[in-house]
Amino acid sequence: MSAPDLADPAGGEPTVSLQESYAFCEAVARREAKNFYYSFLLLSTPQRQAMCAIYAFMRYCDDLSDSQQVTDRAPAIARWREDLTAALAGRSPSSSTPSHELWPAFADAVERYRIPHQYFFEMIDGVSSDLEPRSMRTFGELYDYCYHVASVVGLTIIHIFGFDSPDALKLAEKCGIAFQLTNILRDVREDAEHDRVYLPQEDLERFGVPADELCAEQVSPALRQLLEFEAARARQYYREAAPLIALIHPGSRASLRALIAIYSRLLDKIVAARYEVLAQRVRVPTWQKLWILARSLLG
């Protein structure tokens, strides 16, 4: 089956089998999930397939707010929300919108792992907030944003990992905050060029950094101090989330350990680059990700 571009809001065949749907989602995750997919490889086949289905949904949500191929973003997101409601209720999407390949696998994964539906609607709320220029006045506002676009991801996937203690939910929320703060540090200039300034205004003022400096070529001493402050904040959330690994089911721990380690390594590389994130995009090379996978299997 030839898979359409995920950014195409009308993409998808009218009907696809469950097997075809899972194959489509796995292809999306393999192509797009630069950090997530490696950790999926340490899971059982059913878990990996479910992770890919959830990731494909998340990727599509993100594309609706970001991709240049999507026009009329607000109506597209509204249609996506309607189709999510239909898919979770076991109904076909609206006749005016062709069914997307991901829906059968997504609905199967959600039911199989009993994932609360509210997380997916909160995720859509998060990407919807990016349709307009963004700025955060306080860290509280930034935390709320990070919750909707990242913590809900953590809250979703721990159901696939498996857990028994309710304490895992709060730790998964913290883990998502750590991941999103890392992404924000990496993407400071790219976000600012799209009129999205996620660094809190209260922090910009505290360190004397004007917002337009986020689009510069060089990192000023003041901006470096600000980014160092935000990196320390992210590191604290990684520390607070660390007990989560012991709370999920044993067979899933290597996967979560690898995922956290890959994101932590990204933060390490940002720090090692002395926060030179304006002129370059800091990445974790593939060989390091594979090394992390191997170490994660050893515990």
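Nothing here was measured: the structure is a model prediction, and the numbers come from that model.
The CD1 atom of Ile158 lies 4.5 Å from the CG atom of Leu169; values are rounded to the nearest 0.5 Å. Rounded to the nearest 0.5 angstrom, Leu181 CG and Phe139 CZ are separated by 5.5 Å. Rounded to the nearest 0.5 Å, atoms CD1 (Ile157) and CD1 (Ile115) are 9.5 Å apart. Rounding to the nearest 0.5 Å gives a distance of 13.0 Å between CZ of Arg233 and OG1 of Thr182.
In this structure, the side chain of Glu141 does not engage the main chain of Met136 through any donor-acceptor pair within 3.5 Å. Proximity of a side-chain donor or acceptor of Arg253 to a complementary backbone N or O of Ala246 within less than 3.5 Å is detected. Panel note: side chain Arg224, backbone Val219; a donor-acceptor pair is recorded below 3.5 Å. Proximity of a side-chain donor or acceptor of Ser39 to a complementary backbone N or O of Asn35 within less than 3.5 Å is not detected. The backbone N or O of Pro210 sits nowhere less than 3.5 Å from a side-chain atom of Glu213 that would complete a donor-acceptor pair.
Heavy atoms only, all atoms of each residue included: Ala216 and Arg189 are closest at O-NH1, 3.5 Å. Listed here is the closest heavy atom pair of Ala172 and Leu244: CA-CD2, 3.8 Å. Nearest approach of Ile245 to Arg257, heavy atoms of both residues: CD1-CA, 4.0 Å. Shown here for His148 and Asp144, the closest heavy-atom pair between the two residues is ND1-O, 2.9 Å. The nearest pair of heavy atoms linking Phe161 to Ser255 is CE2-OG, 3.6 Å. A pairwise comparison of heavy atoms in Gln180 and Val149 identifies CD-CG2, 3.8 Å as the closest pair.
More than 12 non-hydrogen atoms from other residues, nucleotides or ligands lie less than 6.0 angstrom from CD of Gln236. Counting non-hydrogen atoms of neighbouring residues, nucleotides and ligands closer than 6.0 angstrom, the CD atom of Gln218 reaches no more than 12 such neighbours. Summarising the local packing, CZ of Arg281 is surrounded by more than 12 heavy atoms from other residues, nucleotides or ligands at distances under 6.0 Å. A 6.0 Å sphere centred on CD of Glu202 holds more than 12 heavy atoms belonging to other residues, nucleotides or ligands. Residue Arg239 places its CZ atom among more than 12 non-hydrogen atoms of other residues, nucleotides or ligands, all under 6.0 Å distant.
Judged by a 6.0 Å distance limit and a 45° cone about the ring axis, Arg59 is not positioned over the six-membered ring of Phe36.
Aromatic ring pairs are classed by plane angle as parallel below 30°, tilted from 30° to 60° and perpendicular above 60°; the pair Trp103 and Phe57 is tilted. Ring-plane geometry between Trp80 and His100 is classed as perpendicular, the angle between the planes exceeding 60 degrees on a 0 to 90 degree scale with a lower cut at 30.
With respect to Glu190 and Arg196, no salt bridge is recorded, no charged nitrogen being found less than 4.0 Å from a carboxylate O. Using a 4.0 Å cut-off between charged nitrogen and carboxylate oxygen, Arg235 and Asp268 count as a salt-bridge pair. The pair Asp83-Arg79 does not count as a salt bridge, with every side-chain nitrogen at least 4.0 angstrom from each carboxylate oxygen. Note on Glu205 versus Arg137: salt bridge recorded, some NZ/NE/NH1/NH2 to OD/OE distance being below 4.0 Å.
Looking only at atom types and distance, the side chain of Glu32 has no donor-acceptor partner in the side chain of Tyr55 under 3.5 Å away. No side-chain N or O of Tyr275 forms a donor-acceptor pair with one of Gln225 less than 3.5 Å apart.
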